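Bear in mind the structure is a predicted one, so any value in this text is a computation, not a measurement.
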Amino acid sequence: MSSAESTTMAQRKREKRPASFADFIVQFRWIVVVPVVLPLSFMFYQYKAWQLTIHRFLHGPSNDETHAEAIKKVQKRIRERKAATDGLICTARPPWLGVALRNSEHKRSTRFEVELGHLSTIVWIDKEKKLMKVEPMVCMSQVSHATLKLGLAPAVLPELDDLTVGGVINGYGIEGSSHIYGLFAETCTAFEIVLGDGTLVRCTADNEHSDLFKAIPWSHGSLGLLVGVEFRLIPVKEYMRVTYTPVHGDLKKIAQVYTDLFCPRDLDQDNPEKVPDFVEGIVYSEKTAVITTGRYASYAEAHNKGNKINALGWWFKPWFHIHCEKALETGEFVEYVPIRQYYHRHTRSLYWEGGLIVPFGNHPLFRLFLGWLMPPKVSILKYTQNDAIRKYYIQRHACQDLLVPQHKVAESLEFCHDAFETYPVWLCPHRLFKMECGTMLDAEKGYAKNKKPGDTDYAQMWTDVGVWGVPGPVLREEVWDGVEATKSMEKWLRDNNSYQCLYAVVEQTEEEFWKMFDPTLYTAMRRKYGAEGAFMPLYYKISNTKKTPQATKKEKNL
């Protein structure tokens, strides 16, 4: 489908829809968000910033011994479970505290809750081996704060402060460096898992539990409880040299310029001279985009005469995606950004979703006087939602990530324009390493025989196409069905050997779901490690299904 045809289809005549009370509530939600949600969010973020310091003051420094004692509490609780009468195991974390958008039906049925909130410390950092060990409730802001002062950082550091290490492993973690290192879980060297009978196992890529190690990513806690993680660190410099490249043209041209900036056409993908350290694309419309690339830079380089330094992380600065958009008018430009501010560049505005919650949030006066309160914490926003707002976001709001092979980025953008017509769209490349052992995610079969720019013998280049915001038809007050659009997207992904990110609302049937994802290793691991009858199956944990009671009964009878 050409971009022109896609535009025509997206702008086809749609029936006008009448305004509803939910429209009014969402439009003026800021009346509650600004005086209530923002102060509460600010206090929470301050607590997280000081949490590890407070923990050290009260309990002393964390180490493997204190970590082991924390795990014993989890094991003890699980061993108290009576399989014949108690429900399936799940964490005691309330659904509203999570970032995921799904309805958490599995926590509305009979369940056996296990508290993991105390697993929230950094166990150790080994500067020599460039390794870090943390507990699953440690968040990204705590990780970057602890490592950057040592001149180190995770190879992949998801942008939002609030994301937890456990969440980006069991779920999904990506960053602008993923075109080199893959998803966050692929930078991990060891997982500690408590199984359904309370047994603790440490799994790595090359020990006796290597099969479980490969199955944990994307399993959403349906194989066991993640209680410890070790992952790689890399040496970093003080600044990021960021180049903002504007693109004017159709969606195919946008996809091609984006690809050319980090995928050498001669397939020399492992050459650091040809591949930047960071890549990100923001598509503002079907005809405009800005692609940013970054390379680590020293303090001395950044402060060379003539270089522009932009401390864009300050609360009074324009939101990052608004700042990037300037390149469409000024042309390409380069600046140096302090490294931690670059890592968390989208936190303050929640990418661009913050503008939907606080419409005047990027106004200079709001930024100056109240910008320090941003962002609203997603979990507090969820807690203050009523059923009308929840249904509104399912039916009239898009929040999906499509994981597609790099050579299908243009097609996916054209599809998204037709199905959602939602802008901006986020582009973030990532390597998908060739596994060939039945993992849920794997490179396309046979891709290495016909490698395209970005591909290597051991990994295929993919891209996350993030569609978040209000669709064009909704903005024009036309009829638009979010559920049907999601189902259409899921079918497109299945037909194109691509994947749906599972933090979002999943409308697929169970049969369709396992056509998209390979169940081979996952199913084998549930049987081998005793997850059947102990943990809710993955599909019922993440799907927008109402079949949880049946699934619970089925699991308990196995």
Side-chain angles (χ1 to χ4, degrees), residues 63-64 67-68 71 75 119 122-136 138 143 147 152-157 165-166 168-174 177-178 180-235 269-270 430-443 445 447-448 455-460 462 517-531 538:
N63 52 43
D64 282 317
H67 174 59
I71 292 176
Q75 293 178 279
L119 295 173
I122 294 173
V123 182
W124 46 254
I125 300 175
D126 190 323
K127 188 175 180 180
E128 298 303 316
K129 294 182 178 178
K130 297 183 179 61
L131 288 174
M132 183 175 191
K133 182 175 181 177
V134 304
E135 293 174 337
V138 170
V143 170
T147 57
L152 300 170
V156 175
L157 182 70
V165 171
V168 299
I169 292 170
N170 275 310
Y172 173 61
I174 192 172
S177 60
S178 289
I180 299 173
Y181 302 103
L183 302 178
F184 181 89
E186 291 164 323
T187 71
C188 296
T189 58
F191 301 135
E192 292 177 338
I193 306 294
V194 175
L195 303 177
D197 62 357
T199 302
L200 174 67
V201 298
R202 181 177 184 272
C203 48
T204 69
D206 54 7
N207 72 0
E208 67 272 28
H209 303 298
S210 61
D211 49 3
L212 182 60
F213 178 81
K214 295 180 179 70
I216 287 297
W218 287 62
S219 64
H220 288 264
S222 62
L223 295 174
L225 298 180
L226 180 67
V227 294
V229 183
E230 297 171 30
F231 53 89
R232 294 191 298 273
L233 304 174
I234 60 172
Q269 192 63 37
D270 290 324
H430 66 93
R431 267 180 167 160
L432 197 52
F433 294 94
K434 184 169 60 175
M435 303 295 288
E436 297 182 339
C437 62
T439 52
M440 286 183 60
L441 270 67
D442 205 344
K445 293 181 179 179
Y447 82 90
D455 297 344
T456 63
D457 288 335
Y458 59 88
Q460 185 183 22
W462 285 54
F517 298 96
D518 188 340
T520 305
L521 182 64
Y522 172 78
T523 302
M525 293 304 96
R526 276 184 63 81
R527 292 172 181 160
K528 179 177 178 179
Y529 288 95
L538 173 61

Side-chain donor or acceptor of [X] paired with backbone N/O of [Y] under 3.5 Å:
X	Y	result
Asp442	Thr439	no
Lys434	Asp457	yes
Tyr529	Ala524	no
Thr456	Ala459	yes
Thr147	Leu152	yes
Arg232	Glu186	yes
Tyr522	Leu538	yes
Thr523	Pro519	yes

| Side-chain heavy-atom pair Asp64, Val123 within 4.5 angstrom cut-off |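 A side-chain contact exists here, since the closest heavy-atom pair is under 4.5 Å.
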
How long is the straight-line distance from [atom2] of [Y] back to [atom1] of [X], given to the nearest 0.5 Å?
X	Y	atom1	atom2	result
Glu135	Leu226	CD	CG	10.5 Å
Ile169	Leu183	CD1	CG	11.5 Å
Ile193	Met525	CD1	CE	12.5 Å
Asp197	Gln75	CG	CD	9.5 Å
Arg526	Leu212	CZ	CG	12.5 Å
Asn63	Ile122	CG	CD1	13.5 Å

| task | Evaluate side chain to side chain contact (heavy atoms under 4.5 Å, CB included) for Val143 paired with Phe231, printing each intermediate quantity in order. | result | CA-CA 11 Å; Val143 170; Phe231 53 89; 4.3 Å; yes

Taking all non-hydrogen atoms of both residues, which atom of [X] and which atom of [Y] are closest, and how far apart?
X	Y	answer
Ala155	Thr187	CB-CG2, 4.0 Å
Phe184	Val168	CD2-CG2, 3.5 Å
Tyr172	Trp218	CD1-CZ2, 3.6 Å
Leu233	Pro154	CD2-N, 3.6 Å
Ala531	Ser222	CB-O, 3.5 Å
Asp518	Gly438	OD2-CA, 3.5 Å

| request: Could you walk me through whether Asp455 and Gln269 pass side chain to side chain contact (heavy atoms under 4.5 Å, CB included), step by step? | output: CA-CA 7 Å; Asp455 297 344; Gln269 192 63 37; over 6 Å; no

| request: Kindly indicate, with the supporting measurements, whether the criterion side chain to side chain contact (heavy atoms under 4.5 Å, CB included) is fulfilled by Ser210 and Thr204. | output: CA-CA 5 Å; Ser210 61; Thr204 69; 6.0 Å; no

| request: With side chain to side chain contact (heavy atoms under 4.5 Å, CB included) as the test, would you mind laying out the steps for Ile216 and Asn170 before giving the verdict? | output: CA-CA 6 Å; Ile216 287 297; Asn170 275 310; 4.2 Å; yes

| query | So which pairs with a foot in residues 198-219 pass salt bridge (charged side-chain N to carboxylate O under 4.0 Å, His left out), sequence neighbours left out? | reply | Arg202-Glu230, Asp211-Lys528

| What residues, two or more places apart in sequence or in another chain, satisfy side chain to side chain donor-acceptor pair (under 3.5 Å) together with Asp270? | Arg431, Tyr458

